[in-house]
Amino acid sequence: RAVLVLLSTVAMVSVWVLSGALAARLGRAARPWFAYLAVAVVALALCRPVFVFLARTASMDWVYAALVLGGLLMATRGRGVAAGGLMAVAGLHRPEAWVLALVLMVVHALHTRTRAATAWAVVVAIGPPLAWVGMGVLFGNPMVALTASRQNALTLHRDTGLVAALTELPGQVAAGIGWPATVLGTVGCGLLAVTWWRQDAARPV
């Protein structure tokens with residue numbers, strides 16, 4: 001348990017560092033305040049008792065977040081295989097990261113047009129599904145997180161659907177990280193997206 005708590009805590013700090021590095025990378029040297037904005041937002045978020053509690057209770061959500069941010073940072077540096085690999089490992093935690101990994105590896109294979117890149121794309125594509133099937137064989141239901149979430153929604157009488165997801169998202173995010181971090185993060189992501197899109201070389205990534 002002590003090792004898992006340490007791993008979760010290291011991942012929480014890594015999320016802080018990787019967020020600043022990713023913002024600095026995407027914003028380029030001409031916009032270094034992007035990095036400061038990212039660090040400020042993550043600092044506000046990590047000060048929340050709920051997130052500190054997650055680290056103290058060995059939550060693997062921090063590990064997942066660190067893997068995804070690390071994968072995105074590798075992608076912006078042109079290291080497609082490393083990016084896809086980190087995303088694929090994160091995909092073992094949550095399926096959406098596997099989808100991102102697959103997209104990154106396919107783009108990398110199309111861009112480089114090498115057998116190695118194609119082979120890695122195939123490995124990333126089949127890896128997590130095989131792992132899920134294996135977990136299902138060993139432990140029963142491999143989609144326990146999905147089914148448990150659905151059951152929780154029914155038990156707590158939560159509204160589901162696209163409209164509910166969009167209208168309740170700001171409040172749900174703010175409940176976790178606080179309104180200051182939510183507002184700063186939204187503005188920062190918007191400005192970062194506009195700046196990044198203007199950089200033609202960054203679009204394929």
Side-chain angles (χ1 to χ4, degrees), residues 1-23 35 38-75 79 81-102 104 123-158 160 165 168-169 171-182 184-185:
R1 175 176 175 79
V3 173
L4 291 176
V5 171
L6 178 62
L7 177 63
S8 184
T9 304
V10 170
M12 182 178 71
V13 176
S14 298
V15 167
W16 192 336
V17 176
L18 289 170
S19 296
L22 185 60
V39 169
V41 172
V42 178
L44 285 171
L46 295 189
C47 290
R48 300 287 290 185
V50 61
F51 290 136
V52 176
F53 175 78
L54 287 177
R56 291 177 58 190
T57 53
S59 171
M60 289 298 100
D61 285 342
W62 282 122
V63 178
Y64 167 77
L67 287 170
V68 170
L69 286 173
L72 291 176
L73 186 60
M74 289 296 100
R79 299 178 181 178
V81 174
L86 288 173
M87 287 290 192
V89 174
L92 295 175
H93 288 68
R94 298 192 178 188
E96 60 269 22
W98 168 68
V99 177
L100 289 174
L102 186 57
L104 284 173
V123 170
V124 169
I126 65 176
L130 288 179
W132 292 329
V133 171
M135 286 187 288
V137 171
L138 293 174
F139 308 114
N141 182 9
M143 302 300 290
V144 63
L146 178 63
T147 55
S149 297
R150 180 61 181 167
Q151 184 58 47
N152 287 340
L154 294 174
T155 302
L156 299 174
H157 304 291
R158 290 176 178 166
T160 58
E168 295 182 11
L169 179 61
Q172 293 288 344
V173 172
I177 67 175
W179 279 108
T182 301
L184 282 176

Problem - Minimum heavy-atom distance S59-S8, with the two atoms named - result: O-OG, 2.9 Å
Exercise for the section: Enter the distance from L73:CG to R79:CZ here, rounded to the nearest 0.5 Å. Expected result: 8.5 Å
Exercise for the section: Quick one: pull up OG1 in T57 and CZ in R1 and give me the separation to the nearest 0.5 Å. Expected result: 7.0 Å
Handout entry: Donor-acceptor contact present, side-chain S14 to main-chain V10, <3.5 Å
Key = yes
Problem - Exercise: identify the closest heavy-atom pair between A55 and W62 - result: N-NE1, 3.8 Å
Practice task
Mind listing the closest non-hydrogen atom pair of G70 and L86 along with its distance?
Solution key: C-CD1, 3.6 Å
Practice task
Taking the side chain as every heavy atom from C-beta outward, state whether L69 and S19 have any pair of such atoms under 4.5 Å apart.
Solution key: yes
Practice task
Indicate the atoms forming the closest heavy-atom contact of A125 with L102, along with that distance.
Solution key: CB-CD1, 3.5 Å
Handout entry: Distance, nearest 0.5 Å, that separates CE of M60 from CG of L54
Key = 10.5 Å
Fill in the blank from the handout: One should read off an interatomic distance between L72 CG and M74 CE, to the nearest 0.5 angstrom, of 10.5 Å
Problem - Test item: T147 and Q151 side chains (from C-beta on) under 4.5 Å apart, heavy atoms - result: no
Exercise for the section: Go through the steps to decide whether M87 and L67 satisfy the test side-chain contact (heavy atoms from CB on, under 4.5 Å), and finish with yes or no. Expected result: CA-CA 6 Å; M87 287 290 192; L67 287 170; over 6 Å; no
Exercise for the section: Keeping the roles fixed (side chain from W98, backbone from I126), state whether a donor-acceptor pair exists under 3.5 Å. Expected result: no
Fill in the blank from the handout: Heavy atoms of L92 and A131 approach each other most closely as CD2-CB, 3.4 Å
Practice task
Take the angle between the ring planes of Y64 and H93 and call it parallel below 30°, perpendicular above 60°, tilted in between.
Solution key: tilted
Exercise for the section: Check G84 against A101 and note the closest heavy-atom contact, atom names and distance. Expected result: O-CB, 3.7 Å
Problem - Non-hydrogen side-chain atoms of T160 and R150 separated by less than 4.5 Å - result: yes
